[in-house]
Amino acid sequence: MDSLLIKGGVPLHGEVEISGAKNAVLPIMAATLLTAETCVIRRVPDLSDVKFMGQILTSLGAEVKFEGDTLTVRAAKIKPFGDYELIRKMRGSVCILGPLLSRLRKATVSLPGGCAIGARPIGLHLKGLKALGAKISIENGYVRTTTPKLAGAEIFLGGRLGPTVLGTANVMMAATLADGVTVIHSAACEPEVVDLANFLNAMGAKISGAGSPTITIIGVDQLHGAEHEVIPDRIEAATFVIAAAATNGEVTLRGARADHLLAVFDKLREAGVKVERNGTSLIARRSGRLKPVDVTTLPYPGFPTDVQAQLMALMILTPGTSIITERIFENRFMHVPELCRLGADIAIEGPSCIVKGGQPLSGAPMMASDLRASAALVIAGLAVKGTTQVSRIYHLDRGYEKLDEKLKKLGARVERVPET
Ligand code: EPU
């Protein structure tokens, strides 16, 4: 297990290229199972989660080839059983269920467990698949689904905490090969769902309304191979913008999409962070003094839960009281006790954190607990004076492509060290 050694207090300066989006590419990789023909996916980020999904596709019988940032998948002959241990390790793997069921009429996939950020149930995924005609049972830790054929249906997919991103992806993929028309109500509107729908349409699916709460899918007999370029990672982009502001530097982002980041940029503007367009690039820096904010995470187009931890890292540097409320996951404050090791004053009150920013802070050893929490610890480490060691950075490698190398290019003093 590696850790990241950071000598903080150095403003980040320079340009960074934003990679393809992890949360777009994972369901897109699952979608390649819907056809026997070759699919070519470009702008694929080099991440451990992506390699892992590649192994899952291989274990199902697909031919998988990574060449630079291009991935080729040919799922000519596949089996409906996912390897228990492989699938259990990664939540995103649950989205192979819809494509397997749709193409093979049966699928057996291990139940994804909970994770550090909360229980992460899949009841809504199963509700949607049932509505399409799947028979579902849970046996020995596996979800077993079969169907003589899937038939289009009207499905309300909203849950207690709003729509589900991967649930929408799963049901949308299953419906592509169902008989008749499926309408998903209360669908997730995230750009990653739109990217998946665009890929499926390139494969011959008939999907409209993706990006809105109502998605209509007209079933087709079969899908064919397609080429697709993955959208840029909006969470990686937000992370670099916040890192630029936290270190009082100036970072130019190449290849990011501002239209996917409206809520983030709006809140950052309030916090005293400026993001300006320069041709196709975005330039991020402070606009003056940092200001405290009151923010609540919401489904897209609201402020994303995946940026909550990083914003908190900025707010511990910001004099005044900020309130950060998490409404998507019930346990996504694992970064709080770690940030407190730096001297931050953060109180957890139910779903909210009260951050009294501007306390004297200094580097300290911290432990990463999940992907976005790790990013927050790195941002804080970059901003505060002294040496910070963030251990267990395999979490970062799951979702940030070459983060340490990108930070070094921006002038950060970071070193990846093997943990003793
Ligand atoms: N939920 C249910 N029932 C379900 C499914 C979800 O109650 O059947 C609840 C969840 O417990 C949660 C809420 O609905 O409270 C939203 O969860 P969602 O299903 O939308 O999350 P997900 O699809 O499993 C994806 C991303 C997450 C991101 C969330 C929310 C991938 C691989 N993961 O998860 O990304 O936080 O959407 O935007 O796409 C990350 O990248 O660090 C990450 C955790």
Side-chain angles (χ1 to χ4, degrees), residues 19-31 45 47-50 52-53 56 87 89-98 111-131 136 138 143 155-173 184 186-196 213 230-231 233-239 260 263-264 297-310 326-332 334-335 351 368-376 395-401:
S19 302
K22 166 181 85 82
N23 290 347
V25 77
L26 294 175
I28 286 173
M29 288 173 77
L47 303 171
S48 58
D49 269 10
V50 169
F52 203 62
M53 190 61 149
I56 291 173
I87 291 172
K89 278 194 206 149
M90 187 177 72
R91 289 278 320 168
S93 61
V94 71
C95 53
I96 63 172
L97 196 57
L111 264 176
C115 67
I117 62 175
R120 310 199 66 186
I122 58 161
L124 294 169
H125 301 228
L126 302 184
K127 174 186 167 185
L129 298 178
K130 263 188 204 157
I136 299 180
I138 311 273
V143 185
I155 304 166
F156 182 82
L157 212 54
R160 194 169 60 89
L161 298 154
T164 161
V165 177
L166 291 177
T168 301
N170 239 334
V171 176
M172 189 165 77
M173 288 190 279
I184 305 175
S186 196
C189 302
E190 269 69 3
E192 293 75 18
V193 172
V194 178
D195 205 33
L196 173 64
V230 177
I231 54 168
D233 197 312
R234 62 194 167 101
I235 308 301
E236 188 199 19
T239 302
H260 291 166
V264 174
T297 64
L298 289 167
Y300 191 84
F303 191 92
T305 172
D306 291 344
V307 185
Q308 176 257 109
Q310 300 90 315
E326 173 59 54
R327 290 267 179 234
I328 307 294
F329 292 110
E330 68 268 37
N331 187 24
R332 209 173 195 182
M334 310 286 281
H335 42 286
S369 55
D370 75 83
L371 173 57
R372 308 305 172 186
S374 315
H395 289 291
L396 276 176
D397 297 331
R398 285 187 38 222
Y400 285 94
E401 185 172 45

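When a ligand or atom number is given, it counts from 1 through the structure's own listing order.
Arg332 is listed as a side-chain neighbour of Asp306, based on a closest heavy-atom distance under 4.5 Å.
In this structure, Asn170 contributes its side chain and His125 its backbone to no donor-acceptor pair below 3.5 Å. Judged by distance alone, the side chain of Glu236 and the main-chain N or O of Ser19 form a donor-acceptor pair under 3.5 Å.
A salt bridge links Arg234 with Glu192: the distance from a Lys NZ or Arg NE/NH1/NH2 to an Asp or Glu carboxylate oxygen falls below 4.0 Å. Salt-bridge check for Arg91 with Asp49: failed, with every basic side-chain N at 4.0 Å or more from each acidic carboxylate O.
If you look at Thr164 next to ligand 1, the close heavy atoms, those under 4.0 Å, come from the backbone and the side chain alike. Heavy atoms of Val165 found under 4.0 angstrom from ligand 1 belong to the backbone as well as the side chain. Here Thr305 has side-chain heavy atoms under 4.0 Å from ligand 1, and that is the only part of it that gets that close. Looking at Lys127 against ligand 1, nothing comes within 4.0 Å, counting heavy atoms. If you look at Leu166 next to ligand 1, the close heavy atoms, those under 4.0 Å, come from the backbone and the side chain alike. Within the 4.0 Å heavy-atom criterion, neither part of Leu126 lies near ligand 1.
Under a 4.0 Å heavy-atom criterion, Pro121 is in contact with ligand 1. At least one heavy atom of Arg332 lies less than 4.0 angstrom from ligand 1. Heavy-atom distances between Arg160 and ligand 1 stay at or above 4.0 Å for every pair.
Nearest heavy-atom pair across Arg327 and Leu161 is O-CD2, 3.6 Å. Heavy atoms only, all atoms of each residue included: Thr164 and Leu157 are closest at CG2-O, 4.1 Å.
Checked against a 3.5 angstrom limit, the closest N/O atoms of Leu371 and ligand 1 fall outside it. In terms of polar-atom proximity, defined here as any N/O pair under 3.5 Å, Gly167 makes no such contact with ligand 1. Where the criterion is an N or O separation shorter than 3.5 Å, residue side chain and backbone included, Gly92 fails it with respect to ligand 1. Checked against a 3.5 angstrom limit, the closest N/O atoms of Leu124 and ligand 1 fall inside it. Taking only nitrogen or oxygen atoms, main chain and side chain alike, Lys22 reaches within less than 3.5 Å of ligand 1.
Atoms of ligand 1 found under 4.0 Å from any heavy atom of Ile328 (numbered from 1 in listed order, with element): 12 (C), 13 (C), 15 (O), 16 (C). Of all the atoms in ligand 1, the ones that sit under 4.0 Å from a non-hydrogen atom of His125 are 8 (O).
Rounded to the nearest 0.5 Å, atoms CG (Asn23) and CG (Asp233) are 7.0 Å apart.
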Task: side chain to side chain contact (heavy atoms under 4.5 Å, CB included) assessment of Gln308 paired with Arg372 - done: CA-CA 8 Å; Gln308 176 257 109; Arg372 308 305 172 186; over 6 Å; no

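Applying the side chain to side chain contact (heavy atoms under 4.5 Å, CB included) rule to Pro301 yields no partners; only residues at least two apart in sequence or on another chain are considered.
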